[in-house]
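Just below is one structure, and these are the notes that go with it.
Both counts, for ligands and for their atoms, begin at 1 and track the order of listing.
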Amino acid sequence: MGLTLAQKLIKSHLISGEMKSGTEISIKIDQTLTQDSTGTMAYLQFEAMDVDKVKTKRSVAYIDHNMLQSGPENADDHLYIQTVAKKYGIYFSKPGNGICHQVHLERFSVPGDTLLGSDSHTPTCGGCGMLAIGAGGLDVAIAMAGGEYNIIMPKIVNVKLMGKLKSPASAKDVILEVLKIFTVKGGVNKIFEYTGEGVMSLSVPERGTITNMGAELGATTSVFPSDERTLDFLKAQGRENDYINLSADDDAVYDEQIVIDLSTIKPNIAIPHSPDSVVLVSEIRGLKVDQVNIGSCTNSSYADMMKVAKILDGKTVSENVSLTVSPGSKQVLNMLALNGALSKIIESGARILESGCGPCIGMGQSPSNGAVSLRTFNRNFKGRCGTDTAGVYLVSPEIAALSAIKGFIVGEEDFDENLKLEIDLPSVFLVNDNMIIAPIEESAVCDIEIIRGPNIKPFPKNSSLKDSIYGKVLIKTEDDITTDHIMPSNASLLPYRSNIPYLSEFCLTPLDKEFPTRAKLNNGGFIIAGKNYGQGSSREHAALAPLYLQIKSVLAKSFARIHKSNLINNGIIPLVFNNEADYLKIDVMDELELNDLSNQLNSSIINVINKTKNYEFKMELVLTDREIEILKAGGLLNLMSIKNKKS
Ligand code: MIC
Ligand code: SF4
């Protein structure tokens, strides 16, 4: 029986376990990436491991999220990361060089390699035939220290692409179509592997748009073959030596398959407040827009920006619309500047932002109250843009740019038939890596002083698991709670990503303003949640802040993959409801007790006592032996130090 591409990539990096879906495997990581908002914590954890240098083939630290510098905190964090990078042999991409995923695809992607990144959109590089996975900061720190990465062997979903996209439909509409089919819960513990004749019609950046937003499916990752289009891209980046040909065997067997005929795809739109609330743009054509934001790691490639420039050429942004454009990297921005496209964008009345995440993570450009904000980004969770009352809609750059001119959400019929929007991949990209600081000679490394600003506080650590845990239910949530709800991020909070005590004051406040106070008054307790708890961002802060508030366990109907690992890594027990009635019966402030944990954790079912209502119920423990060991030690770092002491 032949292998799928994902299986081949896993097999060539397999350290332990069997490639049987649902069982735990560990793989070797070739490359890592961090960005600044998760990076400070990851590097503090890496430092705690006492390793002299990173053990990966390549590790890169990007600064792209915390770019507003309205106080010293962000710049202090940049300096901390820069000095850590220098000391430990890590490439450092300076602020302004671009969004981590865009730059990594351009400058560092290597077909056949594994990449682990402390950002949920790390799968972008799957567009170049990499096995690229998002993870919590601690997992990335371990990979940098040479440790393996553990995942549940995913099911492999084959997305077979036929035909060719018809403009103005584009790659963004393909992934929105997949989200419509699978939803934000449908990809957990799955890899989406794209095959079929339609693949050849997509360039690497277009493939990157699709693999990037595969994160919104909750998928482990998404991957495209490495073929002539990949070679074209790498050649144009001056990196043809990194090319190898990679594809699935003809007789590969997939766990699931869907077929998408690209020629039938129409422009799609995700309406507020979830990336899977997808409808055809034509269904809401005419809705007045107040703000349009073009950019983010999903849609900020050279070709995307050139399409935008073509649409804006000679036109004026509508009187009532504020249009921002953030090219994804210095390479893209510089090329637009040299070929005159930037001038066309500026001339139209767009506001040019620096190459970074910007409005995507609420770092500026929050829309007005009640606004309709049309974005080429990947997430439209309520409040993420910084304005709770605004509605964020997700579309392709084509729809965004034309809507900015018209002042309303456009449909296909609004495009000028004579405007050719296809953009050929340049045969040569402008390569200038002078904002990437390469590691220095090993002999010089030890002299580097790490500069820590006063805002960098030690990360909280759990203690080993007690045999009984007791506490009150502090909050009860619905399905699909995101890490943006658990640990909100915006311009005022992002500067505190290295200060968990401060951040914990805002933990779960988008759902319940009183949560942190209640947690403190009751010395911690339990969180009750619905399905897919912790979807979205990889931020470990969504586990670290609850840990700081002494949350002992989260009882949910199901968990998102990265968040579940983050909870376990920090010694917080994830328990799964096995029936709806048990979820319904529990109320906030009920007192729960779990006893005999040293034994109970070894079984797949655990007994919980509701002392307030005087009944017992069973929860499922969906944990591997390794995870049980971590929980007993009170977190992964504790387990590592126990093991180090023994050896
Ligand atoms: C996001 O898009 O939500 C982020 C901000 O990039 C996060 C990382 C973070 O919270 O720092 C992600 O996707 O993992
Ligand atoms: Fe940055 Fe937005 Fe991409 Fe996250 S999704 S990495 S915030 S651009």
Where S366 and G386 come nearest, the two heavy atoms and their spacing: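 Residues S366 and G386, closest heavy atoms: OG-CA, 3.5 Å.
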Closest contact, heavy atoms only, T38 versus H541: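 For T38 and H541, the tightest heavy-atom pair comes out as CA-CE1, 4.2 Å.
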For [atom], the protein heavy atom that lies nearest, with its residue and separation:
atom	result
atom 13 (O) of ligand 1	S120 OG, 2.6 Å
atom 10 (O) of ligand 1	R539 NE, 2.6 Å
atom 1 (Fe) of ligand 2	C357 SG, 2.3 Å
atom 7 (C) of ligand 1	S537 OG, 3.2 Å
atom 2 (O) of ligand 1	R384 NH2, 2.9 Å

Side chains of D76 and I456: does their closest heavy-atom pair fall under 4.5 Å?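 No, too far: nothing below the 4.5 Å cut-off.
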With a 4.0 Å heavy-atom cut-off (strictly under), which part of [X] contacts ligand 2: side chain, backbone, both or neither?
X	result
H65	side chain
H101	side chain
T298	neither
D64	neither

Distance under 4.0 Å to a non-hydrogen atom of [X]: what atoms of ligand 2 satisfy this?
X	value
S296	8 (S)
H121	5 (S)
N378	5 (S)
C360	2 (Fe), 5 (S), 7 (S), 8 (S)
C297	3 (Fe), 5 (S), 6 (S), 8 (S)

Any chance the rings of F108 and Y91 have centres within less than 6.0 Å?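 Ring centres of Y91 and F108 closer than 6.0 Å.
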Is Q35 near ligand 1, meaning one of its heavy atoms is under 4.0 Å from it?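 It does, in that a heavy atom of Q35 comes within the 4.0 Å cut-off of ligand 1.
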Take every heavy atom of M487, measure it against each atom of ligand 1, and state whether any distance is under 4.0 Å.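 False for this residue.
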Over 60° means perpendicular and under 30° means parallel, so classify the ring planes of F46 and Y43, tilted if in between.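 The rings of Y43 and F46 stand perpendicular, inter-plane angle above 60°.
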In terms of heavy-atom contacts, does [atom1] of [X] have more than 12 from other residues, nucleotides or ligands at under 6.0 Å?
X	atom1	result
Q69	CD	yes
F381	CZ	yes
K94	NZ	no
K531	NZ	no

Using modelled atom types and a 3.5 Å cut-off, is there a donor and acceptor pairing between side-chain atoms of E540 and backbone atoms of L138?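 Side chain of E540 to backbone of L138: a pair is present.
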Determine whether a donor-acceptor pair (N or O, by modelled atom type, separation under 3.5 Å) exists between the side chain of R561 and the backbone of G218.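 No, because the side chain of R561 does not come within donor-acceptor range (under 3.5 Å) of the backbone of G218.
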Can you list the ligand 1 atoms lying under 4.0 Å from a non-hydrogen atom of [X]?
X	value
S538	12 (C), 14 (O)
I361	5 (C)
H65	4 (C), 5 (C), 6 (O)
H121	13 (O)
D119	4 (C), 6 (O), 7 (C), 8 (C), 12 (C), 13 (O), 14 (O)
S37	9 (C), 11 (O)
R497	9 (C), 10 (O), 11 (O)

When you check the side-chain N and O atoms of Q35 and S37, is any donor under 3.5 Å from an acceptor?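 Result is yes, a qualifying pair exists.
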R107 with D433: basic N within carboxylate O range, under 4.0 Å: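 A salt bridge is present here (some side-chain N lies under 4.0 Å from a carboxylate O).
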Working for salt bridge (charged side-chain N to carboxylate O under 4.0 Å, His left out), residues D484 and K382: CA-CA 9 Å; D484 280 312; K382 190 165 185 291; over 6 Å; no
